[in-house]
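Notes to accompany the following structure.
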Amino acid sequence: MQLTAERSELIESIYDAGLNPELWSDVVVMLNGFFGSRACGLISKNKISKSGSTHYYCGVDPHFIRLYADEYAQHDPLARLPRYGEVRNIPDLVNFDEYRRGRFYQEWLRPQGCADVANVVLEQASSSCPMLMTVIPGREMLDAKMRARMQLVVPHASRALMINRTIERKQQKAIALADVVDQLSAGVILLDAACNIVHSNPAAEAILDGGDVLRSVNGRLLARSPDANAALRNVFRDEAEVVAAAAADRNILLTSSDGSYHVAHVIALPSLLREGSAGRACGAIGALFVWKAKLDARSCAGLIDRTFELTPAELRVLQSIVEIGGVPETAAALGIAETTVKTHLHRVFAKTGTSRQADLVKLAAGFSNPLVH
């Protein structure tokens with residue numbers, strides 16, 4: 001069948017609806033005009049219960065749509081679904097004279113002044129509730145011209161629905177992942193190649209609002225430390241550097257104005273999150289997972305003790321070094337001599353394979369739980 005300007009516009013609109021499901025309502029109106037039918041719609045049909053849900057339609061009074069969903073879907077002769085892509089009307093599937101005596105015709109179709117219904121299954125997957133295109137010709141039966149026009153749009157509508165499903169699955173995964181990320185007490189910041197902030201979770205926004213270890217200047221991420229800034233620029237200059245940094249388990253140590261530490265862990269961004277709605281690139285090439293370097297006694301002390309076989313005194317010194325600071329501060333906080341702190345600290349260095357207090361901060365931060373309790 002030769003494509004006219006009308007048909008080309010219709011097919012283009014079908015694919016537009018594949019990217020934006022809100023356009024299906026307009027497409028159904030266009031389909032109805034193209035077929036020359038009384039009514040047209042997209043419905044999903046449960047193969048087992050025979051129940052049906054109408055998603056988009058035109059040409060049918062909403063009262064009859066509700067009746068169909070509530071009662072008459074199970075009496076619809078076309079509840080016996082044809083194979084994918086086959087346009088079938090009522091005489092194709094059941095005895096027509098018997099059908100005219102049945103409830104579906106007498107109580108649902110005839111009161112609308114119509115005689116026939118045609119269906120075509122638009123989804124090839126073995127779904128228990130596939131999408132169908134339903135057409136009501138009007139007072140006459142489905143003719144060859146209308147059948148041919150329905151057949152023409154089947155592959156296009158089928159592909160558009162497949163695009164809908166693919167985008168929907170990606171969006172559902174992204175939404176589920178975003179919900180999890182938003183519940184983390186650690187900050188998560190998505191960045192582009194210029195270190196512009198593409199997205200940040202609530203914990204990250206709190207860190208940025210503080211304007212200390214990290215801040216946003218005209219949408220660009222800046223660290224308080226020049227060294228940390230340089231490290232950020234080097235990592236996020238392109239996607240390959242982000243992937244390499246993530247594979248190397250690279251962290252960036254951030255220092256606050258009061259001397260406390262945050263740790264920024266580089267994360268390679270899944271392709272799912274590098275795309276916005278309808279598959280459009282969002283610009284982010286990677287992410288930072290940022291949290292304050294501290295020991296959580298409830299969840300970490302026992303694990304660190306077992307891992308490095310620290311004594312209770314050594315664990316207390318380690319915790320104090322991370323949370324409070326240097327040897328004098330730790331001695332004052334624990335009420336012990338500085339020489340005692342140094343003794344325990346050297347033993348901690350030996351057991352953990354570290355040599356600097358900053359290394360202990362990084363190590364301890366790795367045992368902290370970034371989830372909200």
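Residue indices begin at 1 and follow the sequence shown. Values reported hereafter were calculated over all heavy atoms of this structure, with side chains retained and with hydrogens, waters and symmetry mates removed. From a predicted model like this one, the values you see are computed outputs, not experimental measurements.
- Between A223 and L232, the shortest heavy-atom distance links the atoms CB-CD1, 4.2 Å.
- Of the possible polar contacts, none joining the R7 side chain to the V153 backbone as a donor-acceptor pair under 3.5 Å is found.
- A distance of 7.5 Å separates CG in L254 from OG in S225, rounded to the nearest 0.5 Å.
- Scanning all heavy atoms of the two residues, the minimum distance from R38 to G138 falls at CB-CA, 3.6 Å.
- Between C114 atom SG and L109 atom CG the span is 5.5 Å, to the nearest 0.5 Å.
- Using a 3.5 Å distance cut-off with no hydrogens or angles, the side chains of E123 and Y84 do not pair a donor with an acceptor.
- What you find for A268 and V242 is that their closest heavy atoms are CA-CG1, 3.9 Å.
- Of all heavy-atom pairs spanning F34 and R149, the tightest one is O-NH1, 2.6 Å.
- You'll find the side chain of L221 reaches within 4.5 Å of the side chain of I189, heavy atoms only.
- Not a single donor-acceptor pair under 3.5 Å links the side chain of E98 to the backbone N or O of N95.
- To the nearest 0.5 Å, atoms NE2 (H346) and OG (S355) are separated by 11.0 Å.
- Taking the side chain as every heavy atom from C-beta outward, E140 and D116 never approach each other to under 4.5 Å.
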May I have the step-by-step check of side chain to side chain contact (heavy atoms under 4.5 Å, CB included) for V290 and L214, ending in yes or no?
CA-CA 10 Å; V290 185; L214 292 171; 4.1 Å; yes

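- I43 places a side-chain heavy atom less than 4.5 Å from the side chain of Y68.
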Check residues 55-62 and write down every donor-acceptor pair under 3.5 Å in which the side-chain atom is one partner and the other belongs to a residue at least two apart or another chain.
residue	atom	partner	partner atom	Å
H55	NE2	S44	OG	2.8
Y56	OH	P21	O	3.4
D61	OD1	H63	N	2.7

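- Of all the heavy atoms in G18 and N164, the pair that sits closest is O-ND2, 2.5 Å.
- Residue I163 is not grouped with residue L23 when hydrophobic side chains (ILVMFWY) are merged at heavy-atom distances under 4.5 angstrom, including chains of intermediate members.
- For D92, the salt bridge (charged side-chain N to carboxylate O under 4.0 Å, His left out) criterion is met by R147, not counting sequence neighbours.
- At least one side-chain heavy atom of I167 sits less than 4.5 Å from a side-chain heavy atom of L19.
- A continuous path of ILVMFWY side-chain contacts below 4.5 Å connects V28 to L152, so both sit in one hydrophobic cluster.
- With rounding to the nearest 0.5 Å, the separation of CZ in R316 from CD1 in I321 is 14.0 Å.
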Would you sort out whether R100 and R110 count as a side chain to side chain contact (heavy atoms under 4.5 Å, CB included), showing the intermediate values?
CA-CA 9 Å; R100 287 173 65 89; R110 184 180 180 184; over 6 Å; no

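- Residues passing the salt bridge (charged side-chain N to carboxylate O under 4.0 Å, His left out) test with R224 are D212, sequence neighbours excluded.
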Side-chain donor-acceptor pairs of residues 326-345 under 3.5 Å, sequence neighbours excluded:
residue	atom	partner	partner atom	Å
E329	OE1	G326	N	3.2
T330	OG1	S320	OG	3.1
T330	OG1	G326	O	3.0
T343	OG1	T339	O	2.9

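- In terms of heavy-atom proximity, R139 sits nearest to G113 at CG-O, 3.2 Å.
- With values rounded to the nearest 0.5 angstrom, M141 atom CE is found 6.5 Å from I90 atom CD1.
- Side-chain contact between V263 and L253 is present, with at least one heavy-atom pair separated by less than 4.5 Å.
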Could you go through the side chain to side chain contact (heavy atoms under 4.5 Å, CB included) check for L288 and V266 one step at a time?
CA-CA 5 Å; L288 283 183; V266 180; 4.1 Å; yes

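- Looking only at distances, no side-chain donor or acceptor of N201 sits under 3.5 Å from a matching main-chain atom of G187.
- Under the side-chain hydrogen bond (donor to acceptor under 3.5 Å, both in side chains) criterion, E71 pairs with R103, sequence neighbours left out.
- Below 30°, between 30° and 60°, or above 60°: for Y15 and H156 the angle between ring planes is above 60°, a perpendicular geometry.
- Under the ring pair (Phe, Tyr, Trp, His ring centres under 6.0 Å) criterion, F236 pairs with no residue at all, not counting sequence neighbours.
- A search for salt bridge (charged side-chain N to carboxylate O under 4.0 Å, His left out) contacts involving E86 returns R83, R88, not counting sequence neighbours.
- Atom CG of L310 and atom CG of L318 lie 6.5 Å apart (nearest 0.5 Å).
- With Q151 contributing its side chain and G85 its backbone, the two residues share a donor-acceptor pair below 3.5 Å.
- Taking the side-chain contact (heavy atoms from CB on, under 4.5 Å) definition, one finds that E22 meets it with N20, sequence neighbours left out.
- Hydrophobic cluster membership is shared by Y72 and V117, with clusters built from Ile, Leu, Val, Met, Phe, Trp and Tyr side chains linked at under 4.5 angstrom.
- A donor-acceptor contact shorter than 3.5 Å links the side chain of W108 to the backbone of F64.
- Donor-acceptor pairing under 3.5 Å is recorded for the side chains of S256 and D258.
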Under the side chain to side chain contact (heavy atoms under 4.5 Å, CB included) criterion, do W291 and H265 qualify, and how do the steps go?
CA-CA 9 Å; W291 67 97; H265 183 73; 3.7 Å; yes

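- Side-chain atoms of L122 and L42, non-hydrogen and from C-beta on, do get closer than 4.5 Å to each other.
- Scanning for side-chain hydrogen bond (donor to acceptor under 3.5 Å, both in side chains) contacts around T354 gives T352, with sequence neighbours left out.
- Under the ring pair (Phe, Tyr, Trp, His ring centres under 6.0 Å) criterion, F96 pairs with Y99, sequence neighbours left out.
- Following chains of ILVMFWY side-chain contacts shorter than 4.5 Å, one cannot reach V29 starting from L161, and the two form parts of different hydrophobic clusters.
- The hydrophobic cluster around L222 extends to V217, counting ILVMFWY residues whose side-chain heavy atoms fall within less than 4.5 Å of a member.
- Contact annotation: the side chain of L360 approaches that of V348 to within less than 4.5 Å [non-hydrogen atoms, C-beta and beyond].
- T311 is listed as a side-chain neighbour of K351, based on a closest heavy-atom distance under 4.5 Å.
- With sequence neighbours excluded, the residues forming a side-chain contact (heavy atoms from CB on, under 4.5 Å) with N196 are D192, A194, R220, listed by chain and number.
- Connection of M30 to V154 is established within a shared hydrophobic cluster, with ILVMFWY side chains joined at heavy-atom distances below 4.5 Å, either directly or through further cluster members.
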